[in-house]
Amino acid sequence: MCGIVGTVSHAPVNQLLYDALLLLQHRGQDAAGIATMNGNSFTMHKANGLVRDVFRTRNMRSLVGNAGIGQVRYPTAGSASSEEEAQPFYVSAPYGIILAHNGNLTNAPSLRVEMAYRDRRHINTSSDTEVLLNVLADELQKETNSAALDEGAMFNAITAVTKRVKGSYAVVALIAGYGLLAFRDPFGIRPLCIGRNDTPKGPEWMVASESVALEGLGFTFVRDVNPGEAIYIDLDGNFYSKQCVTEAVLTPCIFEYVYMARPDSTIDGVTVYNVRMRMGDYLAEKIRKETNVKEIDVVMPIPDSSRPAAMQVAKRLGIDYREGFFKNRYIGRTFIMPGQAVRKKSVRQKLNAMRIEFKDKTVLIVDDSIVRGTTSYEIVQMARESGAKKVIFASAAPPVRFPNVYGIDMPTRSELVAYGRTDEEINKLIGADQLIYQSVEDMKQAVRDINPEIKNFEASCFDGHYITGDINESYLDALEAARNTSTAKADRAGDPSDFARSQLHLHLATED
C-alpha cells in the first residue's frame with residue numbers, strides 16, 4: 001500500500017506536495033519522495049523514512065516548478081530497505097518521464113524479461129514500479145514513432161499498457177515539458193481521485209489516493225478516476241480524460257474500507273467512516289446471535305480504526321461504550337512495520353490499558369481485523385492483566401485466510417493466523433474466551449448499503465477469489481518461496497530508521 005499525489009498549479013508546488021504527503025502518511029511510512037517539473041527539467045528527492053524526516057529545507061528549495069508528483073511508500077514488492085526503490089522513478093526516453101505508483105503488478109517477472117530481451121530496456125532495481133514505468137515509456141515510444149505527442153497518443157499508450165500489465169495500479173506521472181498523466185487499473189482496485197481549485201490565473205488540479213489530501217489542502221473533490229480511465233492535465237491547466245478500457249468494471253479493494261484508508265476519506269462514493277459504522281451494525285447482530293449479550297459489561301475499541309464499528313456495536317446492543325486502551329501516537333502503526341520481531345515489541349509500546357475499565361468486567365473488544373494474530377494475543381493478555389474476568393474478541397472484518405497480491409503486505413499464508421484454521425483454533429491462539437467474526441457477505445453488504453452501484457469487490461484475502469485471473473497455487477508458492485529466502489527476511493528485518501539521503505537533479509535538454 002502506498003499513497004500518491006500529483007498536481008499542476010500556477011505557483012510552486014513543493015510545499016503543496018509535502019503537505020499532501022503528510023495527509024497520506026498513513027498509507028506508507030517506509031519511504032517518501034517528491035519530483036517537480038520546471039519547464040523541461042525534473043528535480044527529485046526521495047529517501048527512506050517519514051515525510052517529516054526525509055525532507056529538509058535544502059531539499060524543498062531544490063524542488064522547483066509548478067507541477068509535480070509525490071509518493072509515500074509501504075513496500076509490497078521489491079526491497080523493503082533499499083532507498084533506491086523509493087519512488088518516484090525516472091526514465092530518460094522517450095521525452096523524460098517520472099512516475100509513482102500505488103499497487104502491485106502480478107506479472108512483473110514476465111514483464112521484466114520482456115523488457116530486457118524484446119524491448120531492450122534496462123531495469124535497474126527489483127521494484128515493479130520501475131517495470132511499469134518502462135512499459136509506459138515503451139508504449140509511448142511506439143505510439144509516437146511517426147506522430148507528435150498529444151493527449152490522444154498518451155491515451156492510446158495507456159490502453160496498450162493496460163493490455164500488458166496485470167495486477168493493481170493507480171499511477172501519477174510527469175512527462176517532461178508536457179504535463180501530468182494519471183490512470184487507474186481496469187478494476188479500480190486502488191483508489192485515485194481528482195480535485196480542483198479555481199484561482200484568478202485559472203484552475204489548478206490535484207490527483208491523490210484519498211480525498212482527504214484534496215480537501216485538506218483547499219481543493220474541491222471533483223470525482224474518482226474511473227477504472228481503466230486515464231486523465232491528462234497540461235501545464236496550462238487544461239484537463240483531458242478518456243476511458244481507455246471499455247470493459248472496465250469497478251471492483252475496489254474492500255480492505256481499504258476495513259483498515260487502510262483514513263475514516264474522513266471518501267472512496268468511490270463511500271465515506272470510510274460511514275461504512276465502518278455500518279460494519280458495526282452487522283457485527284452487532286452477529287454478536288447477538290453467537291453470545292449472551294446480557295453478560296457483557298462494556299464494549300471497547302482498539303484505537304483508532306475500529307472505533308466507528310465499536311460505537312455502533314455498543315449502541316445496537318445497548319451496552320456501555322468505554323475507551324479502555326490508549327494509544328501512544330508517537331509509535332508507528334504496528335501492521336505496517338517490517339519484521340515480526342519489531343511488531344511484537346511494538347504492541348505494548350503503542351497501547352496502554354486503563355485498569356479501572358477492565359477490573360472484574362466482561363469486556364467485548366472490537367478490532368477492525370485480525371491478520372497475524374500477534375497483536376490480538378497481546379491485547380487480550382493486556383485485558384486479562386488489567387483485571388478483566390472474561391474477554392470476548394470481535395472482528396469487524398471476516399477471517400483473513402488468503403494472501404493479498406494487490407498491494408497489501410500479507411503475502412504469506414503461514415503468516416495469516418486464520419489460514420487453514422477454524423475460528424475455535426484461532427480463538428485458542430489469541431487467548432480470548434470467545435471470538436466472533438463478521439461474515440464476508442455482511443462486510444460487502446455494508447459497503448453496498450452506502451453505494452449500491454458497487455457490485456463487486458476485490459476481497460481475495462477474505463474469500464480467496466483473485467479478480468485478475470492470473471493467480472493460482474503455483475503463483476502463491478513462488479511468492480512465498482521468494483519471501484522466505486534469507487536475503488528477503490534480512491531485508492524486511494532491516495532497520496527502518498536508517499535514513500540515508502539521496503538526491504537526484506535531472507536536467508533535461510530542451511528541444512530547441
Side-chain angles (χ1 to χ4, degrees), residues 191 210-212 250-325 357 361-371 376 379 391-401 418 423 426-427 432-459 461-463:
E210 292 186 30
S211 62
V212 67
L250 179 61
T251 315
C253 173
I254 205 162
F255 213 71
E256 292 276 354
Y257 300 112
V258 170
Y259 177 81
M260 295 300 183
R262 267 181 53 156
D264 46 345
S265 284
T266 299
I267 298 175
D268 294 315
V270 177
T271 303
V272 176
Y273 183 81
N274 288 349
V275 79
R276 287 178 184 168
M277 292 182 70
R278 195 75 186 114
M279 288 177 185
D281 291 336
Y282 284 105
L283 182 61
E285 295 309 310
K286 188 89 181 298
I287 292 168
R288 195 191 302 279
K289 292 175 184 175
E290 297 190 5
T291 194
N292 182 3
V293 297
K294 293 179 181 177
E295 293 182 352
I296 301 172
D297 294 304
V298 290
V299 176
M300 290 182 183
I302 304 301
D304 292 311
S305 49
S306 72
R307 189 171 283 122
M311 291 169 62
Q312 284 302 102
V313 167
K315 180 181 177 182
R316 287 277 179 173
L317 298 181
I319 301 171
D320 288 342
Y321 172 88
R322 289 287 188 275
E323 295 278 353
F325 295 97
E357 295 295 347
K361 293 179 181 175
T362 295
V363 295
L364 170 60
I365 297 174
V366 178
D367 206 350
D368 50 64
S369 58
I370 303 172
V371 179
S376 306
I379 287 169
V391 180
I392 302 172
F393 205 98
S395 170
V400 178
R401 299 191 187 279
D423 291 0
I426 301 166
N427 185 43
D433 293 290
Q434 186 177 4
L435 172 62
I436 302 171
Y437 275 113
Q438 182 87 273
S439 74
V440 174
E441 189 48 44
D442 283 349
M443 175 188 62
K444 293 179 178 178
Q445 188 58 45
V447 183
R448 290 193 193 102
D449 288 345
I450 309 292
N451 184 358
E453 294 183 2
I454 302 179
K455 307 297 183 188
N456 305 300
F457 297 95
E458 195 299 293
C461 57
F462 303 112
D463 60 17

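All figures in this text were calculated on a predicted structure; none of them were measured in a lab. Throughout, numbering of the chain's residues begins at 1 and tracks the sequence.
- Annotation: the span from E285 atom CD to S439 atom OG amounts to 12.0 Å, rounded to 0.5 Å.
- In plain terms, the two heavy atoms of A446 and I450 that are nearest each other are O-CG1, 3.5 Å.
- To the nearest 0.5 angstrom, D433 atom CG is 7.5 Å from I392 atom CD1.
- In this model, a donor atom of one side chain and an acceptor atom of the other lie less than 3.5 Å apart for T291 and Q434.
- The two residues Y259 and S305 make their nearest non-hydrogen contact at CD1-OG, 3.8 Å.
- In this structure a side-chain-to-backbone donor-acceptor pair under 3.5 Å is present from S211 to T266.
- Qualifying side chain to side chain donor-acceptor pair (under 3.5 Å) partners for T251, counting only residues two or more places apart in sequence or in other chains: none.
- In this structure, N427 contributes its side chain and A432 its backbone to a donor-acceptor pair below 3.5 Å.
- For the residue pair D368 and S395, the shortest heavy atom distance occurs at O-OG, 3.9 Å.
- Between the CG atom of D297 and the CE atom of M300 there is a distance of 9.5 Å, given to the nearest 0.5 Å.
- The salt bridge (Lys or Arg N to Asp or Glu O under 4.0 Å) analysis of residues 253-276, with sequence neighbours excluded, yields the pairs R27-E256, R184-D268, R190-E256, R262-D264.
- P252 places a side-chain heavy atom less than 4.5 Å from the side chain of Y257.
- In this structure, the side chains of I370 and L435 come closer than 4.5 Å at one or more pairs of heavy atoms.
- Counting heavy atoms from C-beta on, the side chains of I454 and L250 come closer than 4.5 Å.
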Next on the checklist: Using side chain to side chain contact (heavy atoms under 4.5 Å, CB included), reason through M279 and V258 one step at a time and then give a plain yes or no.
Outcome noted: CA-CA 9 Å; M279 288 177 185; V258 170; 3.9 Å; yes

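- A pairwise comparison of heavy atoms in P308 and M277 identifies CB-CG, 3.7 Å as the closest pair.
- Under the side chain to side chain contact (heavy atoms under 4.5 Å, CB included) rule, V391 has a single partner from I379, T362, V363, L364, which is V363.
- K315 NZ: 12 or fewer foreign heavy atoms inside a 6.0 Å radius.
- Of the possible polar contacts, one joining the R288 side chain to the R316 backbone as a donor-acceptor pair under 3.5 Å is found.
- Residues passing the side chain to side chain donor-acceptor pair (under 3.5 Å) test with R278 are D281, D449, sequence neighbours excluded.
- Rounding to the nearest 0.5 Å gives a distance of 11.0 Å between CD1 of I254 and CG of N456.
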Next on the checklist: Using the rule given for side chain to side chain contact (heavy atoms under 4.5 Å, CB included), can you reason through I365 versus F325, listing the C-alpha separation, both sets of side-chain angles and the distance that settles it, and then say yes or no?
Outcome noted: CA-CA 10 Å; I365 297 174; F325 295 97; 4.0 Å; yes

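- When all heavy atoms of F255 and C461 are compared, the closest pair comes out as CD1-SG, 4.2 Å.
- For Q438 (side chain) and A396 (main-chain N/O), a donor-acceptor pair under 3.5 Å exists by modelled atom type.
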Next on the checklist: One pair to check against side chain to side chain contact (heavy atoms under 4.5 Å, CB included): Y321 and R307. What are the steps and the verdict?
Outcome noted: CA-CA 10 Å; Y321 172 88; R307 189 171 283 122; 3.1 Å; yes

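- Classification of D463 and K444 as a salt-bridged pair holds, one side-chain N sitting under 4.0 Å from a carboxylate O.
- The main-chain N or O of V366 is found under 3.5 Å from a side-chain atom of S306 such that the two form a donor-acceptor pair.
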Next on the checklist: Run the side chain to side chain contact (heavy atoms under 4.5 Å, CB included) test on M443 and Y437 for me, step by step, so that the C-alpha distance in whole Å, both residues' side-chain angles and the decisive distance to 0.1 Å come before the verdict.
Outcome noted: CA-CA 10 Å; M443 175 188 62; Y437 275 113; over 6 Å; no

